[in-house]
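Values below: all heavy atoms of this structure, side chains included; hydrogens, waters and symmetry mates excluded.
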Amino acid sequence: MTFLLEHLPPLVHVVISTRADPILQLSRLRARGELVEVRAADLRFTPEETAEYFRGVPGVDLDKVDVDALSQRTEGWIAALQLAGVSLRGRSDVAEFIARFAGDDRYILDYLLEEVLAQQPAEIRSFLLHSAILDQLSGPLCDAVLGTSAASSGMRGDNMLAVLERENLFLIPLDEKRRWYRYHLLFAEMLHARLLSEEPELMPLLHGRASLWFAEQGMPSEAIGHALAARNFDRAAHLMEMAAPQIRRDRSDALFQGWLKDLPRESVRRSPVLTVFQACNLMTAGKLDDVEPYLQEAERTIAAAPIGAESPWAEVAEFQRLPATIAIYRASMAQARGDDAGTVEYAQQALALARPGDHLTRGAASGFLGLSAWARGDISTALSTFTASVASLRAADNVIDELGGTVVLADLWRSAARPTKARQLLHSALKTAQTQGLPVARAMAELHVALSELDCESGDLDSARLHIETAAGLQEHAPLTESRYRWFVASALLAWAEGAPERALDLLEQAEPLYRRGFFPNVRPIPALRARIYISQGKLLDAGDWAHDQGVTVTDQPNFPNEFDHLTLVRLLVAQHRAQPHSGAAAQAQALLEKHLVSATESGRTGSLIEIRLLLALVHEAQGQPSKAREFVDQVIAEAPEADAYLWLLRTEGKVWTEGSGRTPMAGRREGANPPERQDPASNISVLSERERQVLRLLGGELSGPQIARELFISYNTLRSHTKHIFTKLGVTDRRAAVRLARESGLI
């Protein structure tokens, strides 16, 4: 046959149909480009082909979900699809059958046993059965699991896998170098069922060998999985203790929870490390009242354990930092309950207990001190301590928590009225995250959500939407966390900004059940956000119900935790004043704002001061006092580091509240400064930020919009947002009018 292939005339083609690779010089033919191979991967049915096939099977009616599930279970293997079709005829429980359709289905089992397994030589049959416990196979791993039998027979793992691949025995390569493989799902299930039937006593031995091999290779997850399968719970618990630092760095909480569920309760109780992790799981699930007993149990076990080399945890790094970890968890519990004093006490205790070089504990403790300061409204202290926290997490090489901490740090910079600094931090962190790929998908999603909120506030809705969509795609590869609700909140804010309040309300409805009382101060309660949307819609009765249900009144003592609720109430009172000018609501709003102004001034909360002053401007504008309103706006412009980033309050809510007046507070002017028919251009120009002035100067030249965007190193959409803001602030509608005002003011 080789001679024939070497001497074929140019117009002759040879077609060979065979299950196994023929013993021919295939590599030479491949190199010459003279070989076309149609292999198992090419023959697999796609979901579309599977649907088409079942449309021709009598007595079987599958919808798209059933077809997709069956296609996934069979991996497109047509023989399995045929056998599934036989089993499905006349069944009413189609979805249930597909969900449990496996290699032990009687038709599949009979086929694979008779047509495949029974046809193999004894050594191949033995290799197949004994390696069936492995989700992935490599030569060295198979040698370790099968012991000396494979080596003594001369069939080493690498050789055997090469034979199986050549014989097309349901072996699927997982890399280009042919080092790792797996069996077809149904074939693996058949082999596993057969091994359990014929040699059940071998299962613990095989799993135990696999656990040892994976541990030696530094693959703790696989080692633990096989130890659990071998029911060697003491070994599994020890491996979990050793893996704890890596699990913590990778934030593989769901994986660890699964392991803990598979361990007997007694095995967990014997290990203080695992007991504390169990407490962490309960805390993450929001079961705060169940946590403390586990922490106390861990402390009792630690106190009763021998010290030094005699300790069973002498080599367990996580055990050494356990007292500090327990203090950290107590700090987080106090934080979640609003116990500021407790948070500070336990965080400082953790810092005192932290061992040299324990950057993770220092990062967590500093983080809780920062969160506590944030909850009190002390933004300056929160910024310094949380910055130290993120630096410690970076030193600990805890990338996921470092990135998540950066989101919190950006929120703090927003509270300090420095959104540009927040944006810089988020973009820098996003670059770091992108180099890590899918392992940090959750953190990347949180970064995109935070950026979308900043874009929404700056009016760049196209960019905000892009960040939201990117985050949604990343969340498909990440487990659900306590931060998942924030995607729905950010999406709601975007929908509201786009003029779709009903969709915004639907998104907040989805966000609410996902919210967990946790480590971060609830500085933006979902019910209050919903009330703000009601107010924008004119649904004042619904907003009033919110205030009643939440117990928010003008007589409350002002503090940072209730600030968002109170500023929402102010919006409601102003809207009520619009509807009933003599109700006294505006006066109540003003009094409440003045109390919060004192509180925010005392604690130096710049962001709060800006919003309160702008709301005071709106209150005075609503009462027909434009000059007083303008004083507050001018104060913000003069004192705020990035005032233009907050004037969106007046562009959006101010516009809603002054509907029908023909102007917004942003177009207001000083009383008596100019005759009504002409505004002072300089007073309008002063409203512009430095970036907007830069844009306005370029608008006065010959460059087109895209050319200006390139000159400023920004996107064209961002330029359009800047231009829109300039026109709004100057009270003009086109570029020519804006440039004319700029020239009159001397800016150009």
Side-chain angles (χ1 to χ4, degrees), residues 453 456-457 459 461 464 488-512 524-554 556 562-593 596 611-626 629 632-633 646-668 724 728:
E453 293 175 347
C456 220
E457 290 180 0
L461 303 188
F488 289 94
V489 171
S491 299
L493 294 174
L494 175 59
W496 187 19
E498 290 178 327
E502 292 301 329
R503 171 162 168 72
L505 290 170
D506 288 342
L507 287 161
L508 290 180
E509 192 76 21
Q510 296 176 66
E512 201 152 25
R524 190 174 55 184
I526 292 174
L529 277 175
R530 186 184 295 113
R532 293 189 181 194
I533 297 176
Y534 287 149
I535 295 166
S536 73
Q537 293 178 293
K539 297 179 179 179
L540 304 189
L541 291 178
D542 289 333
D545 289 341
W546 156 79
H548 178 270
D549 293 342
Q550 300 295 321
V552 181
T553 69
V554 294
D556 297 334
N562 66 19
E563 183 179 88
F564 193 89
D565 281 338
H566 277 183
L567 298 188
T568 303
L569 181 60
V570 164
R571 289 159 165 82
L572 173 59
L573 291 169
V574 172
Q576 289 172 340
H577 171 83
R578 299 278 181 200
Q580 297 179 320
H582 302 294
S583 64
Q588 288 181 306
Q590 182 177 337
L592 184 56
L593 285 171
H596 272 283
E611 184 174 359
I612 291 166
R613 284 168 177 159
L614 292 178
L615 288 175
L616 279 167
L618 291 175
V619 169
H620 285 293
E621 190 275 338
Q623 293 175 302
Q625 301 168 346
F632 283 106
V633 175
Y646 286 85
L647 296 179
W648 61 275
L649 283 167
L650 299 182
R651 291 197 304 270
T652 55
E653 298 177 78
K655 184 175 180 180
V656 171
W657 291 343
T658 58
E659 187 174 359
S661 67
R663 64 182 176 84
T664 71
M666 293 304 300
K724 188 189 304 181
T728 301

Under the side chain to side chain donor-acceptor pair (under 3.5 Å) rule, collect the residues that match up with Q550, sequence neighbours excluded.
none

T553 and D556 side chains, donor-acceptor separation under 3.5 Å
yes

Taking every non-hydrogen atom, the tightest pair across F488 and Q510:
CE2-OE1, 3.3 Å

Between T568 and W546, is there a side-chain heavy-atom distance shorter than 4.5 Å?
yes

Taking it one step at a time, do V489 and I526 satisfy side chain to side chain contact (heavy atoms under 4.5 Å, CB included)?
CA-CA 8 Å; V489 171; I526 292 174; 4.2 Å; yes

Please name all residues satisfying side chain to side chain donor-acceptor pair (under 3.5 Å) with H577, sequence neighbours left out, ordered by chain then number.
none

Aromatic rings H596 and H566: how do their planes relate, parallel, tilted or perpendicular, breaks at 30° and 60°?
perpendicular

Passes side chain to side chain contact (heavy atoms under 4.5 Å, CB included), L573 versus L569? Steps please.
CA-CA 6 Å; L573 291 169; L569 181 60; 4.2 Å; yes

Heavy-atom closest contact (L572 atom, I535 atom, distance)
N-CD1, 3.5 Å

Per-pair distances, 0.1 Å, donor-acceptor, side chain in residues 579-591, under 3.5 Å, sequence neighbours excluded:
unit_1	atom_1	unit_2	atom_2	d
S583	OG	Q580	O	2.9
S583	OG	A585	N	3.3
Q590	NE2	E594	OE2	3.1

Over all heavy atoms of both residues, which pair between A543 and A531 is shortest? Give the atoms and the distance, please.
CB-O, 4.1 Å

Report yes if some heavy atom in the side chain of Q625 is under 4.5 Å from a heavy atom in the side chain of V619; otherwise report no.
no

Between Q537 and L505, the two heavy atoms sitting closest are OE1-CD1, 3.6 Å

Answer yes or no: is there an ion pair linking E512 with R530, defined by an N-O contact shorter than 4.0 Å?
yes

Report yes if some heavy atom in the side chain of L593 is under 4.5 Å from a heavy atom in the side chain of L567; otherwise report no.
yes

Value rounded to 0.5 Å, distance of CZ in R571 from OG in S536:
11.0 Å

Interatomic distance, SG@C456 vs CD@E498, rounded to 0.5 Å, equals 7.5 Å

Do V570 and I612 come close enough that some side-chain heavy atom pair is under 4.5 Å?
no

Could you measure the distance from the CG atom of L616 to the CZ atom of R613? Nearest 0.5 Å is fine.
9.0 Å

A492 and A504: which non-hydrogen atoms are nearest, and at how many Å?
O-CB, 3.2 Å

Does any non-hydrogen side-chain atom of F564 lie less than 4.5 Å from one of R532?
yes

